[in-house]
Each structure stands twice: as structure tokens, then as C-alpha cells.
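Just so you know, these numbers come straight off a predicted model, no measurement behind them. Numbering starts at 1 and runs along the sequence shown.
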Amino acid sequence: MTQQNPSAPTPADDQAARVAELHRLCNADYEQAAASRVAAAGAARDQLALSRARAAEAVHAR
């Protein structure tokens with residue numbers, strides 16, 4: 001007779017752990033994408049501000 005480990009994970013526990021891990025990974029990907037969008041938006045605002053400053057300087061230089 002083989003002995004069973006009573007604390008061994010059941011297939012349902014294993015599946016729940018896999019789902020939880022996938023959920024964690026998806027959330028991490030979402031947060032990373034959101035941070036990238038924020039950084040890109042910040043860079044775009046910086047470029048716009050720089051362009052406006054250069055345009056204003058060009059107008060005042062005339």
C-alpha cells in the first residue's frame with residue numbers, strides 16, 4: 001500500500017495556485033504598461049513644452 005502525503009496539494013489546489021499566479025502576472029503586466037504610458041505621456045508633454053518655448057523664442061527673436 002502506498003502512503004499518501006496528507007499535505008500534498010490536490011489538483012484543485014494546484015489549479016488555484018496556477019490561476020493565482022497568472023492573475024498576479026497579468027496585474028504586474030498591466031501596472032508596467034500603465035507606468036510606460038505615464039512615462040510616454042510625460043515625455044510628450046516635455047517635448048510639447050520645449051517646442052512651444054522654442055517657438056516663442058523664435059517669435060521674440062524677430
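Atoms CG and CG, from Asp29 and Leu22 in turn, are 10.5 Å apart once rounded to the nearest 0.5 Å.
Salt bridge Glu21/Arg24: present, at least one basic N to carboxylate O contact under 4.0 Å.
Taking Arg52 as the reference, nothing meets the salt bridge (Lys or Arg N to Asp or Glu O under 4.0 Å) condition, with sequence neighbours excluded. In this structure, Glu31 has no salt bridge (Lys or Arg N to Asp or Glu O under 4.0 Å) partners at least two apart in sequence or on a different chain. Here Glu57 pairs with nothing under the side chain to side chain contact (heavy atoms under 4.5 Å, CB included) rule; sequence neighbours left out.
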